[in-house]
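A quick write-up on the structure given underneath.
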Amino acid sequence: MAWVLILGGTREARMLAELLTSVPGLDVTTSLVGRTREPALPEGAVRTGGFGGAVGLADYLRAENIALVADATHPFAGQISRNAVTACDTAGVPYVRLERPAWTPRPGDDWQRVAGIQAAADVLESGATALVTVGRQELAPFFARGDLRCVARMIEPPEIAVPGNCKIILARPPFTEEQERTLFYAEDISVLVTKNSGGTATATKLEAARNAGLPVIMVERPALPDAETASDAETLADVIAARLG
Ligand code: NAP
């Protein structure tokens, strides 16, 4: 059997695991970092926790006799992707990546693109009411802005203290466009802050912003090393099956 290591933490990674476990000759382990309290578990084996950087991951690949690494992590999980490319080079293991297409602006969109989270917090105007949808790990720069109101939406609560001018909304996508617009009006939102995650699960907020004439601060993705990529789980599963199956 050839073992495939899927670097996971996304819906696409679970889809990939499901597809690959049905390919004869392949076994699959999905790696999760273990921060989510109740993660949706994929088919096949699961391991949890960091590897200890690129060196630790290279050691793991050799020790587990991994035949191929399929990086299906979130587009903003740049560190693990960079580590994986280095580790695969070191261990002589093929690396392929599932790269979910980024969102692109449509007519009627009012986007300001920024290079990172800090830049997104910096460009917010004083007095704004920002709906911040960047995940619970990256809220500090927004919480530091005492001159505006921050409504931060996420799945699980943040680990840092929430200042008095900020509000937390706990909710799990998907949301309809109507739900998103209702939230904008209920919270008197003047600007939406989002990472360019791509995909369909959270794209309705962009549609709602367009329909409500709301500006969007769009945090662009980190650059990743060149690699063979596919834009969806089915295509990547076919690539892997052709190589190893
Ligand atoms: P990151 O900054 O790229 O990685 C930080 C460290 O976390 C890595 O160096 C690695 O530790 C460990 N790590 C990350 N992903 C791992 C995985 N799948 N398996 C084992 N170790 C992993 O990652 P992040 O942005 O914090 O994201 C962490 C996880 O959440 C990823 O699996 C990602 O797919 C998922 N996720 C992230 C986002 C996001 O917006 N960033 C959104 C949804 C889901 P060591 O160096 O010790 O190996």
Side-chain angles (χ1 to χ4, degrees), residues 3-17 28-42 44-64 66 68-88 90-91 93 95-100 102-103 114-118 120-121 132-142 152-156 158-160 170-174 193-203 205 217-225 227 229 233 236:
W3 276 94
V4 175
L5 176 67
I6 298 177
L7 300 172
T10 59
R11 195 171 58 91
E12 290 95 331
R14 289 194 298 279
M15 289 170 65
L16 185 62
V28 176
T29 298
T30 296
S31 175
L32 302 174
V33 73
R35 281 196 210 120
T36 310
R37 273 182 221 131
E38 290 175 25
L41 290 176
V46 175
R47 69 159 298 283
T48 304
F51 295 97
V55 172
L57 179 51
D59 290 344
Y60 176 92
L61 298 179
R62 289 194 201 97
E64 299 295 323
I66 298 296
L68 181 142
V69 172
D71 180 357
T73 56
H74 190 270
F76 279 81
Q79 188 61 54
I80 185 68
S81 294
R82 286 188 292 275
N83 288 354
V85 169
T86 305
C88 286
T90 307
V93 173
Y95 168 93
V96 292
R97 186 162 63 230
L98 200 162
E99 218 163 74
R100 189 195 291 173
W103 292 318
V114 294
I117 292 290
Q118 185 63 55
V132 176
T133 60
V134 299
R136 70 192 169 114
Q137 307 284 338
E138 308 198 79
L139 294 169
F142 302 96
R153 183 174 66 190
M154 66 211 75
I155 296 173
E156 292 184 357
E159 283 155 7
I160 58 174
L170 297 180
R172 186 180 290 273
V193 182
T194 178
K195 299 198 274 200
N196 196 336
S197 298
T200 52
T202 58
K205 62 188 167 190
I217 310 293
M218 182 65 72
V219 182
E220 292 302 346
R221 298 173 171 195
L224 296 179
T229 62
L236 194 63

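One-based numbering, in listed order, for ligands and for the atoms of each.
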| How about atom 22 (C) of ligand 1: does it have a protein heavy atom within less than 4.0 Å? | yes
| said: Just so I know, are the side chains of M15 and L236 near enough to count as touching, which here means a heavy-atom distance under 4.5 Å? | reply: no
Starting from [atom], which protein heavy atom do you reach first, and at what distance in Å?
{"atom": "atom 35 (C) of ligand 1", "result": "G9 O, 3.8 Å"}
{"atom": "atom 31 (C) of ligand 1", "result": "G8 O, 3.8 Å"}
{"atom": "atom 10 (C) of ligand 1", "result": "I80 CD1, 3.9 Å"}
{"atom": "atom 46 (O) of ligand 1", "result": "G53 N, 3.0 Å"}
{"atom": "atom 11 (O) of ligand 1", "result": "G50 CA, 3.7 Å"}

Examine distances only and state if a side-chain atom of [X] and a backbone atom of [Y] form a donor-acceptor pair shorter than 3.5 Å.
{"X": "E138", "Y": "I117", "answer": "no"}
{"X": "K195", "Y": "V134", "answer": "yes"}
{"X": "W103", "Y": "G199", "answer": "yes"}
{"X": "R136", "Y": "E159", "answer": "no"}
{"X": "R97", "Y": "P225", "answer": "yes"}
{"X": "T48", "Y": "G34", "answer": "no"}

| request: Mark the output for K195 as yes if a heavy-atom distance to ligand 1 is under 4.0 Å, and as no if none is. | output: yes
| task | Starting at CZ of R100, measure out to OG1 of T10 and round the result to the nearest 0.5 Å. | result | 6.0 Å
| note | The reported gap from OG1 in T133 to CZ in R153 (rounded to nearest 0.5 angstrom) is 6.5 Å
From [atom], work out which of [options] has a heavy atom at the shortest distance.
{"atom": "atom 13 (N) of ligand 1", "options": "L7, V33, T10", "result": "V33"}
{"atom": "atom 18 (N) of ligand 1", "options": "G135, A77, S31", "result": "S31"}
{"atom": "atom 47 (O) of ligand 1", "options": "G56, A87, G52", "result": "G52"}

Could you list the atoms of ligand 1 found under 4.0 angstrom from a heavy atom of [X]?
{"X": "N83", "answer": "9 (O), 46 (O)"}
{"X": "G78", "answer": "3 (O)"}
{"X": "T73", "answer": "34 (O)"}
{"X": "R35", "answer": "24 (P), 26 (O), 27 (O), 28 (C)"}
{"X": "Q79", "answer": "1 (P), 2 (O), 3 (O), 4 (O), 9 (O)"}

